[in-house]
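Input: a single structure, listed below in structure tokens.
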Amino acid sequence: MDLKEKLISSFMAFEEQLDLSSPIHEMRTSSLKQFEKLGFPTKKHEAWKYTSLAKLLKNDYSIFPKKETVIELKDVKKYFLYDIDTYKIVFIDGIYSPFLSDTTHDGIDVCLMSSALSKDKYKATIDKHFNTIANQNDSLTALNTSFTKEGAYIHIFKSVVAEKPIQIIHFSTSDQGPMLLQPRNLIVVEENAQVQIFERHQSLNQHQVLTNSVTEIFASENALVDYYKVQNDLDDASIIDNTYVAQKAKSHVSVHTFSFGGQLIRNNLNFFQKGEYIDSTMKGITIIGEKQHVDHYTLVEHAQPNCESHQDYKGIYADKSVGVFNGKIYVNQIAQKTNAFQKNNNILLDDTATINTKPQLEIFADDVKCSHGCTIGQLDKDAMFYLRSRGIPKKEAKGLLTYAFANNVLESVKIPAIKSRINKLIANKLGVSIGHDL
Amino acid sequence: MLTVKNLYASVEGKEILRGINLQVNPGEVHAIMGPNGSGKSTLSAVIAGNEDYLVEKGEITLNGEDLSEDDAEQRAHKGVFLSFQYPVEIPGVTVTNFIKTAINASRKAKGLEDMPAKDMLKNIREKAALLEIDSKFLSRSLNEGFSGGEKKRNEIFQMAMLEPKLAILDETDSGLDIDALKIVAHGVNKLKSKDNAVIVITHYQRLLDHIVPDFVHVLHNGRIVKSGTKELAHELEAKGYDWIKQLAD
């Protein structure tokens, strides 16, 4: 039985565990039908031309976690942002870990999707937002919806500034063999409210894990959302991250994605602008090697006038790694005075590494500024000579220059603890010693 | 200290150096002058080990040791330093971190431990003071957004930190106003000793008023066509390079 069949035949058992009278029961059922119709994407789909899931789908994944696994904080502390005070929503093999978490209902809701889906007090928010911007025609999103059970639920009320960043951390362990995880997050940020979120998926030992995650983010008028994703997982861990962002007037949303490790990473990042004077920022640093594969698939829909979008993705590829960047900018006919910028700069450290980069601009307004630029290059020879002439060996010089190449993406990271953490991850990844300032 | 014998070098198949002979002894300052395109920067790049240049013939030795098989970093470890005409910008790496990385790389190559942080800090403070560099400057990204003068001062700061045996200053005076030029020259003069040597590559005389050379060589078409003492530099300043070209042709 292949994975698709297994998922479909498991669905009834899955739903029986849950409340069949749940308001999203219908949604789950119709999403499953949608998935059944569409199936997993293959390389024949234009959007998946350079990324094949075929190998991953051969694993015999367990579809829902059976038992709880206990892990000690001291063993996993390093994966958290631990040097600043934060709220935390932590899952182990898809199951909520109250012990590692720190949630709140004080002025903001930082809690679980499972409670939000089952309790009356959240019903209005769920009805209004849940699964309203996630793409119904995307098979992986539909699959996630049909198995929606757990994830993070974050609600920042009108004019509230969340005083601490929120961490969403998913751990996986090898206790249950190959595992398919499908977290579902909903983030609602009301007018004039602000929040910063940090998300990480981490397997704790080598085992096949595939995460198919869906996150919906709603930013109301004048809201501010900064979202940071760290993808630095072990070699057998893969993730398909489907993130949908809807923004109202004057809101600012940024998503930074740092992809440093894992077997296969696919980021489907979608921004829908639904008002004027909106700012959307998408930034990423990818540093991979060996046979790793990272695919960034972005979409910005400029629907109204006077909005901006900024995309800046840097990629550094070694060995036989493969990078993909596909950035689509859509500008509606009435979206005059749109400023849409897109950059994708790449360095191939070895001849065996590959990058496929493709900007897609669909512009139907005539008074807009849109720019896009892709570069693929090697390290600057003069710069290499400069460093080596100072006594810095070739390998370390390469590391320093690639570090310098990627570094400016970090300028827009607003939380110093995240910035210094990412800095260290990059330095480690590139084998340079940076950050020990005198 | 440095001996260059019958050196021929080319870049992308084009021959630039055509038989250079040069002897630099400890404690000496040599100036290499010459018109644009005469091969001045090529000579400095070849001595420092730039792989873009191919040495066709001849030899370069430092204290009797042949450098021809050495990479740029190995030459640096042996005491060669090149101050660049166009220093490279490295965003995200501070001046301090860069120089620490460079110093500890050299120490590692010599089998030494990293320099203790306290000593490093003291050293950095002293050398920064020598070149009138303030501490804010040291935490900026290397050469990023530096003015021409700041870049050159930073080059000499690195030289001061690395304490080379042989320092080659490639067009260090270009882009410097007179005040910056004096600071740079003062730094170089302070660092001069009977055990090290300096090669100053320049188009103009003015730097040589401040870093006074023991010998002046004139390069033309990849050869040293005339050598002399500091008076030769004054003569060049007054008469230009045309008479040298005629002399050579």
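So that the names make sense, note that chain A is the first sequence line, chain B the second, and so on, each numbered from 1.
Using a 4.5 Å cut-off between heavy atoms, B:Ser135 does not touch chain A at all. In this structure, chain B has a heavy atom under 4.5 Å from the side chain of A:Leu401, while its backbone stays farther away. For B:Pro164, no part sits under 4.5 Å from any heavy atom of chain A, backbone or side chain.
Comment: B:Glu155 engages A:Arg390 in a salt bridge, judged by a side-chain N to carboxylate O separation of less than 4.0 angstrom. A:Lys381 and B:Asp52 are joined by a salt bridge, as a carboxylate oxygen and a charged side-chain nitrogen come within less than 4.0 angstrom of each other.
Between B:Glu51 and A:Arg388 there is a side-chain heavy-atom pair separated by less than 4.5 Å. In this structure the side chain of B:Phe98 reaches within 4.5 angstrom of the side chain of A:Ile392, judged on heavy atoms. The shortest distance between side-chain heavy atoms of A:Lys394 and B:Asp71 does not fall below 4.5 Å. Using a 4.5 Å heavy-atom threshold, the side chains of A:Ser389 and B:Phe81 count as separate. When side chains are defined from C-beta on, B:Asn143 counts as touching A:Tyr386, because their heavy atoms get closer than 4.5 Å. For the pair B:Ile90/A:Leu387, a side-chain contact is recorded, criterion being any heavy-atom separation below 4.5 Å from C-beta on.
When each of B:Ser141, B:Gly49, B:Ala45 is checked for heavy-atom pairs under 4.5 Å with chain A, B:Gly49 comes out on top.
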